[in-house]
Amino acid sequence: AVSHSTCQTNSSRRLPGAYVLTCCGKTVWNLVGRVCVLIIMADGSGHTAEGEDAPLLDTLDIIVLTVALAAVIYYLVQKFSGEATDERPSSTIVTTAERLDDSGLAGKMKRANKKLVVFFGSQTGTAEEYASRLVVEAKSYGLRAMTADIQDYDGMELCDLHETMDDALAVFLMATYGEGDPTDNAQEFFDLLTTCDDTGEMELNGLRFAVFGLGNRTYEHFNSVGRFVDKMLAKFGGKRVVELGEGDDDQDIEEDFAQWREKFWAQVCDLYNIDPDSVDIDSQRQYDLKTFDVVPKKVFVGEPAMAGTFKVQKRPFTQKNPYMAPITVKRELFNDTDRSCMHLEIDIKGSGIRYTTGDHVAIYPRNTSHTVDTIGERCKVDLDQVISLKAIDPDEKKRSPFPCPCTYRTALTFYVDIVSPPKLHVVRELAQHTENEKEKEFLLHITSKEGKREYNQWVVQDGRTLVQILEQLPSVNPPLDVLLEMLPRLQPRYYSISSSPKENPESIHVTAAIVRYTTPLGVVVNGVCTSYLQAETTTAAPIFVRSSTFRLPAKHTTPVIMIGPGTGIAPFRGFLQERNYAREKGVDIGETLLFFGCQNRAKHFLYESELQEYQSSGTISELHLAFSRDQAEKVYVQHKLLDAGEMVWKLLKEKRGHLYVCGDAKHMARDVSHALTKIAVQYGDMTEQNAVNWFKHLRQCRRYCEDVWS
């Protein structure tokens with residue numbers, strides 16, 4: 001683990017003697033102080049000053065403790081004072097010789113003769129998937145490479161790479177998450193770079209690097225993490241081999257990655273004197289298939305990391321050890337035959353799970369048995385056969401693409417995404433297992449540079465799934481283990497918690513719109529997670545809680561403005577429960593404005609009776625409603641915001657209120673931002689640019705918070 005304050009690891013670096021002496025000295029003098037207090041409390045007879053009968057310390061005890069403490073102090077001074085005055089460099093960064101061993105990054109790469117290391121900072125698995133693809137492609141170029149979860153390595157080891165291996169290349173695939181934040185697994189590395197930017201203690205000495213950022217342009221801080229990492233690595237003396245690549249998930253991140261990858265490999269060929277014309281990027285396996293005649297003792301049945309944890313539940317419950325939570329309440333919130341939205345209540349009693357208003361709950365979904373059976377029949381395998389996929393490379397840290405051993409059925413149900421349109425590299429792999437030449441030529445064409453448009457139309461726009469491709473092209477017969485290796489991992493789905501622990505300490509509420517749509521091919525598609533939750537047979541689901549920065553102000557009297565159309569109301573229901581709880585306890589609460597919108601009041605007004613009750617009781621000061629389809633001209637929350645502009649400005653400017661937005665990032669959040677700018681111009685006598693800057697300042701101060709999705 002990286003120490004954020006000193007840029008050093010806990011395991012491989014020695015702390016300066018003066019620092020240790022200071023820490024130990026504090027501990028010793030605390031003990032001395034406690035003894036002195038005991039001496040003062042005791043009178044000459046060994047009884048307490050209050051005259052209690054029980055002896056506290058006698059004279060012999062005091063003498064023994066004093067001598068022991070004196071000996072400890074003498075030992076520590078003798079041990080560390082010499083080190084503190086040693087002529088070693090004062091920097092907390094130690095030499096490569098002290099830091100480098102076979103277990104370190106540089107040692108591991110040198111021992112295995114690997115030139116490339118591909119780090120990933122991933123929240124939903126895309127960056128990790130891209131990292132694996134680069135490592136596979138490296139084999140085609142005659143290069144040995146390894147993937148690396150960035151949280152598993154000390155970032156300071158980068159300083160050793162170029163010194164130990166002058167031909168090493170470090171690649172960073174960095175996703176930006178939330179409001180410009182690093183992913184969970186990249187947080188420590190991000191903090192290390194930030195700290196070393198101040199201290200100057202990271203020296204990369206010409207280390208060659210490349211960065212590809214993964215983001216979404218609908219968010220304000222597009223690819224901020226990738227840009228930051230690229231900037232810092234260059235600042236610390238790294239040598240950039242290819243310009244920063246930026247993927248936009250709102251458009252076509254696959255195409256963005258393909259274009260950057262093409263430039264990247266061109267530079268790699270120059271660096272390592274590889275003839276690009278001699279390279280044939282063919283199918284390269286990372287994992288070997290093993291089948292079991294005798295079922296092993298430990299077989300995964302859907303657990304994300306540890307076998308048996310679904311049957312024997314042990315705290316703490318995390319992403320790798322989710323809680324199998326009972327679902328105690330399911331009720332429909334819409335009055336609509338065409339659309340559905342469910343209110344769920346998840347029981348966490350006795351689990352030890354704690355949450356805060358504004359947090360997210362993650363739910364692990366599963367694929368339908370019908371889709372799983374269809375793939376099994378098409379691939380002609382026994383779905384109950386126990387298998388294991390193990391890394392061919394003995395130095396590969398990721399030993400399996402998903403938890404193994406398990407059955408084919410378990411892998412298809414819990415571990416891989418089989419309903420999303422397959423990525424380009426998966427379709428290209430299907431071509432390698434196609435018998436009919438015409439079908440093979442078609443697949444090879446749409447996965448070529450010339451066929452990008454056809455791929456985008458035939459696969460992406462038409463929404464073709466793996467099953468539909470296999471049905472339409474009968475001569476495509478890929479081995480199921482090949483598909484399992486190629487398909488991306490099925491990821492947990494995150495929902496804003498729509499309850500407060502003040503009112504519901506043993507229950508987590510979820511407000512989930514049921515995903516159901518029809519593709520251009522006329523195929524009805526159901527959302528993987530919401531259809532799983534909606535099923536009558538689903539009485540429990542594996543969950544964990546993820547902390548959020550979407551928080552109410554610390555003071556109850558601070559005004560809050562909440563803007564949440566549709567299921568964007570979810571966290572605000574929790575906010576209202578929290579404020580209502582405080583109000584009922586006699587605590588004064590500030591002005592509370594809610595802007596809610598939906599299509600039709602009669603069909604889609606979520607939690608109508610609750611909101612009206614909060615308004616009647618005074619928990620909600622003003623309730624502004626926008627029903628877009630109830631009149632000829634569509635009305636949205638941003639219009640209602642403009643109507644209440646004077647009050648909004650007063651609460652934000654004069655009373656230092658907090659503003660919250662939850663819902664669609666691509667349209668609603670952007671329209672709300674434009675409306676707020678207009679309000680500042682009209683009521684704050686600002687120019688448009690000054691208004692934009694003022695709200696940017698509010699964001700930085702955490703007074704303008706967003707929980708949005710695209």
Side-chain angles (χ1 to χ4, degrees), residues 1-5 119-131 149-153 155 172-198 211-233 244-250 253 318-319 355-362 491-497 544-553 568 570-571 658-666 669-670 673 695-710:
V2 175
S3 170
H4 301 161
S5 59
F119 293 100
F120 60 85
S122 185
Q123 194 72 28
T124 62
T126 305
E128 181 178 2
E129 179 195 340
Y130 285 0
D149 186 335
I150 203 161
Q151 70 181 346
D152 292 338
Y153 292 89
F172 297 82
L173 306 182
M174 309 300 297
T176 299
Y177 166 73
E179 296 185 40
D181 302 318
T183 58
D184 293 343
N185 73 318
Q187 184 66 59
E188 287 189 0
F189 182 65
F190 184 89
D191 292 341
L192 174 67
L193 295 182
T194 302
T195 301
C196 290
D197 188 27
D198 295 330
V211 180
F212 181 80
L214 297 85
N216 189 308
R217 204 173 290 276
T218 60
Y219 294 86
E220 180 184 3
H221 305 283
F222 174 63
N223 264 325
S224 61
V225 174
R227 294 173 181 179
F228 175 76
V229 171
D230 182 73
K231 176 183 175 182
M232 289 298 101
L233 294 178
L244 167 70
E246 295 192 324
D248 182 7
D249 195 40
D250 184 53
I253 196 170
T318 63
Q319 183 169 3
Y355 72 97
T356 302
T357 307
D359 282 348
H360 301 126
V361 61
Q491 297 296 324
R493 271 48 171 181
Y494 293 90
Y495 298 91
S496 299
I497 296 176
F544 63 93
V545 169
R546 183 178 68 186
S547 181
S548 166
T549 58
F550 202 70
R551 294 279 186 265
L552 276 168
H658 287 219
L659 185 139
Y660 302 88
V661 181
C662 183
D664 167 53
K666 191 171 184 178
R670 186 173 296 177
S673 179
F695 280 109
K696 185 176 182 180
H697 173 70
L698 285 195
R699 293 176 191 270
Q700 293 170 345
C701 297
R702 308 298 302 173
R703 288 179 53 207
Y704 184 167
C705 299
E706 293 181 311
D707 183 2
V708 294
W709 56 85
S710 62

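Numbers for residues simply follow the sequence, beginning at 1.
Two residues are said to be in side-chain contact when any heavy atoms from C-beta on lie closer than 4.5 Å; Arg227 and Leu244 meet this criterion. Residues Ile253 and Asp248 form no side-chain contact, since every pair of their non-hydrogen atoms from C-beta on lies 4.5 Å or further apart. Within the 4.5 Å cutoff, no side-chain heavy atoms of Thr357 are placed close to those of Arg551. Residues Thr549 and Arg702 are in side-chain contact: their nearest non-hydrogen atoms beyond the backbone lie under 4.5 Å apart. A 4.5 Å side-chain heavy-atom check between Cys662 and Trp709 finds at least one atom pair inside the cut-off. Side-chain contact check for His360 versus Phe550: every heavy-atom pair is 4.5 Å or farther apart. For the pair Ile150/Phe120, no side-chain contact is recorded, criterion being any heavy-atom separation below 4.5 Å from C-beta on.
With rounding to the nearest 0.5 Å, the separation of CD in Glu188 from CG in Asp191 is 7.5 Å. For the atom pair Tyr130 OH and Leu173 CG, the distance stands at 9.5 Å (nearest 0.5 Å). Taking CG of Asn185 as the start and CD of Gln319 as the end, the distance is 9.5 Å to the nearest 0.5 Å. With values rounded to the nearest 0.5 angstrom, Gln151 atom CD is found 12.5 Å from Phe119 atom CZ. Atom CE in Met232 sits 12.0 Å away from atom CG in Leu192 (nearest 0.5 Å). Note that OG of Ser547 is 4.5 Å distant from CG of Asp359, once rounded to the nearest 0.5 Å.
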request  = Kindly indicate, with the supporting measurements, whether the criterion side chain to side chain contact (heavy atoms under 4.5 Å, CB included) is fulfilled by Phe695 and His697.
outcome  = CA-CA 5 Å; Phe695 280 109; His697 173 70; over 6 Å; no
inquiry  = Is there a side chain to side chain contact (heavy atoms under 4.5 Å, CB included) between Tyr494 and Ser548? Walk through the geometry before answering.
reply    = CA-CA 11 Å; Tyr494 293 90; Ser548 166; over 6 Å; no
inquiry  = For Leu233 and Val211: C-alpha separation, side-chain torsions, deciding distance, then whether side chain to side chain contact (heavy atoms under 4.5 Å, CB included) applies.
reply    = CA-CA 9 Å; Leu233 294 178; Val211 180; 4.2 Å; yes
task = Decide side chain to side chain contact (heavy atoms under 4.5 Å, CB included) for Ser122 and Thr183; before the verdict, give the C-alpha distance in whole Å, the side-chain angles of both, and the deciding distance to 0.1 Å.
result = CA-CA 6 Å; Ser122 185; Thr183 58; 5.5 Å; no
key: Stepwise salt bridge (charged side-chain N to carboxylate O under 4.0 Å, His left out) check, Glu220 with Lys696   = CA-CA 10 Å; Glu220 180 184 3; Lys696 185 176 182 180; 5.5 Å; no
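For the pair Asn223 (side chain) and Glu246 (backbone), a donor-acceptor distance under 3.5 Å is absent. Here the side chain of Tyr219 pairs a donor or acceptor atom with the backbone of Val708 at under 3.5 angstrom.
Ring orientation note: the planes of Phe228 and Phe190 are tilted relative to one another, at an angle of 30° to 60°. In this pair, Phe189 and Phe172 present their aromatic rings parallel. The plane angle is below 30°, not in the 30 to 60° band.
Between Gln491 and Gly125, the shortest heavy-atom distance links the atoms NE2-CA, 3.7 Å. The heavy-atom pair separating Tyr660 from Pro553 by the smallest distance is OH-CD, 3.1 Å. The minimum heavy-atom distance linking Asp707 with Pro571 is given by the pair OD2-CG, 4.5 Å.
The side-chain hydrogen bond (donor to acceptor under 3.5 Å, both in side chains) check on Asn216 picks up Thr218, Ser710, with sequence neighbours excluded. For the salt bridge (Lys or Arg N to Asp or Glu O under 4.0 Å) test, residues two or more places apart in sequence or in another chain that qualify with Glu706 are Arg699. For Ala570, the side chain to side chain contact (heavy atoms under 4.5 Å, CB included) partners at least two apart in sequence or on another chain are Ser496, Ser498, Thr511.
When each of Thr176, Asp184, Asp181 is paired with Gln123, the side-chain hydrogen bond (donor to acceptor under 3.5 Å, both in side chains) condition holds for Asp184 and for no other.
Ion pair Lys666/Asp250 flagged as a salt bridge, since at least one NZ, NE, NH1 or NH2 atom sits closer than 4.0 Å to an Asp/Glu carboxylate oxygen.
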